[in-house]
Undergrad: 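The following block contains the structure, expressed as structure tokens.
Note that these values count all heavy atoms, side chains included, but never hydrogens, waters or copies made by symmetry. Protein chains get the first letters and strands the later ones, always in sequence-line order, with residue 1 at the start of each.
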Protein chains: 2
Amino acid sequence: MEFLFLYQMKKISLLGATGSIGTSTIDVATNNPEEFKIIALTFHSNIEKGRELIQKLRPTYVGVGTKEIQKQLKQEFPTIQFGVGTKGLIEAATLDEVDVVLTAVSGAVGLQPTMAAIQAKKDIALANKETLVMAGEWVMQAVRENHVKLLPVDSEHSAIFQCLQGQDTKKVRELMITASGGSFRDYSRKELENVTVEQALNHPNWSMGKKITIDSSTMMNKGLEVIEAHWLFDMDYDKIKVVLHRESIVHSMVVYEDGAYLAQLGASDMREPIQYALTYPYREKMQKEKPFDLTQIGALHFEKMNFTRFPMLALAFKVGKLGGSYPTVYNAANEIAANAFIDGKITYLAIEELVSRAVEQYEEVKNLTLEKVIEIDRKTRKIVTAWVKDME
Amino acid sequence: MEFLFLYQMKKISLLGATGSIGTSTIDVATNNPEEFKIIALTFHSNIEKGRELIQKLRPTYVGVGTKEIQKQLKQEFPTIQFGVGTKGLIEAATLDEVDVVLTAVSGAVGLQPTMAAIQAKKDIALANKETLVMAGEWVMQAVRENHVKLLPVDSEHSAIFQCLQGQDTKKVRELMITASGGSFRDYSRKELENVTVEQALNHPNWSMGKKITIDSSTMMNKGLEVIEAHWLFDMDYDKIKVVLHRESIVHSMVVYEDGAYLAQLGASDMREPIQYALTYPYREKMQKEKPFDLTQIGALHFEKMNFTRFPMLALAFKVGKLGGSYPTVYNAANEIAANAFIDGKITYLAIEELVSRAVEQYEEVKNLTLEKVIEIDRKTRKIVTAWVKDME
């Protein structure tokens with residue numbers, strides 16, 4: 001049996017290969033060539049990096065963002081199969097030989113290929129927040145019906161997942177999600193008025209993509225994680241807590257009814273949760289491990305979360321409890337607003353203003369379907385894009 | 001099935017009922033009267049407290065330390081069965097109806113009844129360090145052969161045990177045992193020369209018995225825990241680390257090969273690991289829970305262990321690696337020396353001196369048996385008692 005486990009190579013489809021999580025995933029896979037092979041990958045527009053990855057990984061299938069990129073690369077790699085856009089993502093996610101789909105694309109675009117992969121009985125390693133934020137109910141139902149595994153890749157959810165293994169999960173009192181507080185954790189609301197994009201992109205602990213770094217500073221990211229945790233672990237919002245933990249060493253915790261806390265901790269290295277999702281329920285030695293010494297760090301701090309300072313986090317609980325498509329509106333509005341800030345079109349505090357306005361003005365649609373939710377996502381983006389124009 | 005689990009009362013034999021662990025165990029049991037019943041108990045000499053417990057718990061069997069106590073109590077409680085000394089302990093531990101034996105007696109006296117209980121197919125909740133320190137090899141073999149559970153009650157071992165549940169135990173890199181450092185953690189070796197018993201008994205975090213509080217300050221206690229962990233978790237000494245953690249909030253950790261740390265944390269309340277050992281693999285709500293708020297504590301500190309400052313900890317690894325009956329000598333010498341210090345017969349630093357001398361002068365006996373180990377324990381006590389006399 002052990003022989004089998006060790007040498008049964010896992011075939012991975014990597015959606016979003018050129019981003020930050022994509023890069024870490026490739027690092028994990030290529031550091032463990034006997035365990036993992038990336039046989040399909042997708043990327044949107046970074047053709048230089050995409051070409052490099054194709055040469056390095058020699059996948060069977062490649063999904064790209066535009067027809068032009070497809071045409072260009074097809075000439076260079078005639079034996080590889082290419083696809084474009086959502087169709088390309090779905091094809092990559094449902095390829096026959098694929099064992100596990102790692103969804104690392106950013107945004108609402110991750111939802112459809114992930115659903116398709118679940119229906120095609122693929123295990124999912126999920127790094128795309130929108131999948132659960134927009135469609136948690138449908139996704140979790142599909143996961144149950146198709147008997148596949150939905151493995152979290154976010155460090156917080158991976159930590160919680162690890163702390164739930166082998167435990168009496170009926171006796172969970174709370175999930176305690178840690179938050180670094182992001183780039184502006186020590187700024188007052190007043191001081192936030194004139195912050196720049198550059199300042200916002202300077203995260204204290206993690207090196208990540210631009211949008212997620214902005215989302216960390218507004219706590220939108222933490223808000224989305226709360227909603228994800230609700231679906232992933234089937235947990236009431238009242239049992240999900242957020243605690244400020246500046247060092248980002250404790251990735252999250254589970255509190256049990258007997259008073260015991262289980263915590264997962266370690267280096268701020270996304271390769272760890274990625275590898276765990278890919279090796280679960282086993283573990284493998286981390287290759288080229290990031291040095292980590294708890295006695296060097298010295299102290300771990302925990303502070304109460306200030307919901308007045310971080311209204312987007314308070315709003316997450318509100319839209320989460322409202323349910324339906326409220327989380328979709330919350331997320332879509334932020335996606336437009338955060339990118340508008342990155343592009344210098346709006347001020348930092350306008351992000352919160354736009355997200356709050358979108359949620360306030362929203363009226364829930366009746367008899368929601370997955371298609372309607374995708375439509376609400378599109379519509380919200382359109383509305384908020386118009387609001388951004390008015391602000392410019 | 002659930003109905004069965006909920007209402008199948010666990011029948012407990014509590015060895016060492018009047019001590020600190022005994023008191024906490026009774027608290028857990030009486031707070032959960034539908035889950036647990038203490039049907040047998042033993043105590044050594046505290047007849048007032050013993051009488052109180054008999055009245056409160058109405059056990060079937062009571063083991064006591066002397067014939068005088070037996071005679072006295074038999075008159076008061078004619079329907080209860082009594083036994084004396086080691087025979088009483090063994091009878092209490094092997095009573096037919098008993099499901100689990102909680103060994104909370106202090107010292108080498110815990111070994112024989114625990115072995116007898118294992119052979120009688122009882123599960124063991126182990127709070128007695130000497131059982132594994134003296135006879136780890138035999139005890140663990142008996143546990144395997146009799147298919148019983150050996151559940152740790154020490155907060156450190158319970159934490160490690162909890163962090164191993166549902167995990168890939170083949171991929172453990174290290175067990176990381178936390179140590180508060182005890183009453184004198186900030187004293188230099190020089191400053192230890194004139195410390196008093198009173199000072200030594202002032203533990204920063206835990207309220208425990210006298211001898212274990214002294215053992216905390218010399219790190220003898222941590223040393224014994226290292227040896228226990230070696231046997232309990234079948235772990236090489238090179239994979240067992242000790243880290244100074246002043247707050248005693250993180251009870252211990254397990255480090256896996258992928259770089260992930262799992263930690264168990266919570267209040268400094270012995271009822272938690274006791275209850276976990278009794279409810280395992282389930283958990284139950286802690287009644288009258290000690291308040292605990294990580295954000296109130298604020299910071300958790302971790303420091304490298306100083307083996308020069310704490311030579312008894314270094315010696316634990318040495319005797320552990322030497323194996324055989326070296327740990328028995330280490331423990332027996334300390335039991336005499338620590339009590340001699342408590343009784344005002346020797347100085348604080350003489351404890352270390354006597355333990356080191358006993359280990360240095362010891363020559364390993366060949367073809368060890370359990371009987372020989374018990375004999376070595378007795379002999380060591382005799383020798384060290386004589387050394388104490390010379391010092392007085």
Undergrad: With under 30° as parallel and over 60° as perpendicular, where do the rings of A:H245 and A:F302 fit, or are they tilted in between?
TA: parallel
Undergrad: Report which part of A:Q275 has an atom under 4.5 Å of a heavy atom belonging to chain B: side chain, backbone, both, or neither.
TA: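 The side chain, not the backbone.
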Undergrad: B:Y237 vs B:H230 aromatic rings, parallel, tilted or perpendicular, using cut-offs 30° and 60°?
TA: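 The arrangement is parallel - the two ring planes meet at less than 30°.
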Undergrad: Taking it one step at a time, do B:H301 and B:E247 satisfy side chain to side chain contact (heavy atoms under 4.5 Å, CB included)?
TA: CA-CA 7 Å; B:H301 294 87; B:E247 293 86 6; 2.6 Å; yes
Undergrad: A:A299, A:A263, A:P273: which one forms the most heavy-atom pairs within less than 4.5 Å of chain B?
TA: A:A263
Undergrad: Answer yes or no: is there a side-chain heavy-atom contact under 4.5 Å between B:E225 and B:V242?
TA: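 SC-SC contact between B:E225 and B:V242 ruled out.
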Undergrad: What residue in A:M286, A:E257, A:M176 has the most heavy-atom pairs under 4.5 Å with chain B?
TA: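 Option with the greatest count: A:E257.
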Undergrad: I need the residue from A:A260, A:S158, A:G266 with the largest number of non-hydrogen atom pairs under 4.5 Å to chain B.
TA: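 Winner by heavy-atom pair count: A:A260.
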Undergrad: For chain A, which of B:E272, B:K290, B:E303, B:Q296 has the most heavy-atom pairs under 4.5 Å?
TA: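 Option with the top pair count is B:E272.
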Undergrad: Using heavy-atom distances under 4.5 Å, tell me whether B:Q264 contacts chain A through its side chain, its backbone, both, or neither.
TA: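 It is both, since atoms from each part get that close.
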Undergrad: Using the ring of each side chain (for Trp, its six-membered ring), is A:F233 parallel, tilted or perpendicular to A:H157, with breaks at 30° and 60°?
TA: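 Aromatic pair A:F233/A:H157 classed parallel.
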Undergrad: Would you mind checking which part of A:Q162 comes under 4.5 Å of any heavy atom in chain B, side chain (CB onward), backbone (N, CA, C, O), both or neither?
TA: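 Both parts, heavy atoms under 4.5 Å.
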Undergrad: Does any backbone or side-chain atom of A:R173 lie under 4.5 Å from a heavy atom of chain B? Answer side chain, backbone, both or neither.
TA: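 Just its side chain gets close to chain B.
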Undergrad: Over 60° means perpendicular and under 30° means parallel, so tell me whether A:Y261 and B:F292 are parallel, tilted or perpendicular.
TA: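 Ring orientation of A:Y261 relative to B:F292: perpendicular.
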